[in-house]
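When a ligand or atom number is given, it counts from 1 through the structure's own listing order. Any value given below was found using the heavy atoms of this structure, including those in side chains, with hydrogens, waters and symmetry copies removed. Only a predicted model underlies this, so the values are computations on that prediction, with no experimental measurement involved.
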Amino acid sequence: MKMIASCHCGAVQIAVAHFPTEVTECNCSLCHSYGVLWSYYAAGDVISVPDSSLTDTYAWAGHNVDFHRCRTCGCVTHWVPRDAKRDRRGINARLFPTHALEDARIRRRDGAGTGKFLSWPAGAT
Ligand SMILES: [Zn+2]
């Protein structure tokens, strides 16, 4: 089974080594507006990324990261750090098949304030 995050129209496809076991809902102004759930990956676990011609990007605040969205359907797909030495990537977990997230835990991050992860939501184990 291929593990792929796909935008709504299918133009942007990102293959990963494994589906996420936990995803992050961040309350910073940008993530809140996007409505995304982030899954974080080491660069080596992202098997294929879309050609840059398929996405537009947006950067804000420190301009440390480029947020990509599909040029056709507008889905926010992933972010990539501008510093090539940073190993972390973020992929919008909402673009994985719904079954892939059934067992994933949702972590809430206080990106608008402390930058820290908050407690697990009620009922989470
Ligand atoms: Zn698309």
Side-chain angles (χ1 to χ4, degrees):
M1 180 174 55
K2 286 196 171 177
M3 285 162 271
I4 290 176
S6 173
C7 69
H8 190 261
C9 76
V12 176
Q13 309 251 329
I14 304 169
V16 295
H18 54 83
F19 284 130
T21 54
E22 67 178 43
V23 296
T24 296
E25 182 181 271
C26 176
N27 68 358
C28 84
S29 59
L30 185 60
C31 296
H32 179 78
S33 301
Y34 280 164
V36 299
L37 289 175
W38 293 117
S39 49
Y40 301 124
Y41 286 90
D45 286 337
V46 179
I47 295 165
S48 68
V49 292
D51 187 272
S52 61
S53 68
L54 296 171
T55 57
D56 286 322
T57 61
Y58 177 71
W60 74 306
H63 292 252
N64 297 319
V65 165
D66 286 315
F67 292 87
H68 290 251
R69 63 187 181 277
C70 173
R71 279 191 177 171
T72 303
C73 69
C75 287
V76 174
T77 53
H78 63 295
W79 58 256
V80 177
R82 289 190 174 178
D83 180 351
K85 293 193 291 291
R86 264 187 82 193
D87 190 45
R88 205 169 213 213
R89 307 282 184 267
I91 295 174
N92 183 3
R94 292 195 186 277
L95 304 186
F96 288 115
T98 52
H99 71 79
L101 298 181
E102 281 170 3
D103 296 325
R105 296 196 294 185
I106 298 177
R107 294 188 80 186
R108 299 173 70 202
R109 181 174 177 269
D110 184 24
T114 63
K116 295 198 165 93
F117 283 94
L118 305 171
S119 58
W120 297 105
T125 54

Can you list, pair by pair, the side-chain donor-acceptor contacts under 3.5 Å of residues 30-45, counting residues two or more places apart and other chains?
from  : atom 1 : to    : atom 2 : distance (Å)
Ser33 : OG     : Ser29 : O      : 2.7
Ser39 : OG     : Ile91 : O      : 2.8
Tyr41 : OH     : His18 : O      : 2.8

### the Zn ion (ligand 1) neighbourhood, protein N/O/S only, threshold under 2.8 Å
Cys7 SG, Cys9 SG, Cys70 SG, Cys73 SG
### Task
Drop me the distance from Trp79's CH2 to His68's NE2, to the nearest 0.5 angstrom.
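One finds 11.0 Å between CH2 of Trp79 and NE2 of His68.
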### Message
Checking Asp103 now: which residues fulfil salt bridge (Lys or Arg N to Asp or Glu O under 4.0 Å) with it, not counting sequence neighbours?
### Response
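Testing Asp103 for salt bridge (Lys or Arg N to Asp or Glu O under 4.0 Å), a comparison that skips the adjacent residues, returns none.
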### Query
Can you name the salt bridge (Lys or Arg N to Asp or Glu O under 4.0 Å) partners of Arg86, sequence neighbours left out?
none
#### Entry: Check: Gly111 main-chain N/O paired with Asn27 side-chain donor or acceptor under 3.5 Å
yes
### Message
I'd like to know if the side chain of Arg71 reaches the main chain of Ser53, judged simply by a donor and an acceptor atom lying under 3.5 Å from each other, with no hydrogens or angles considered.
### Response
yes
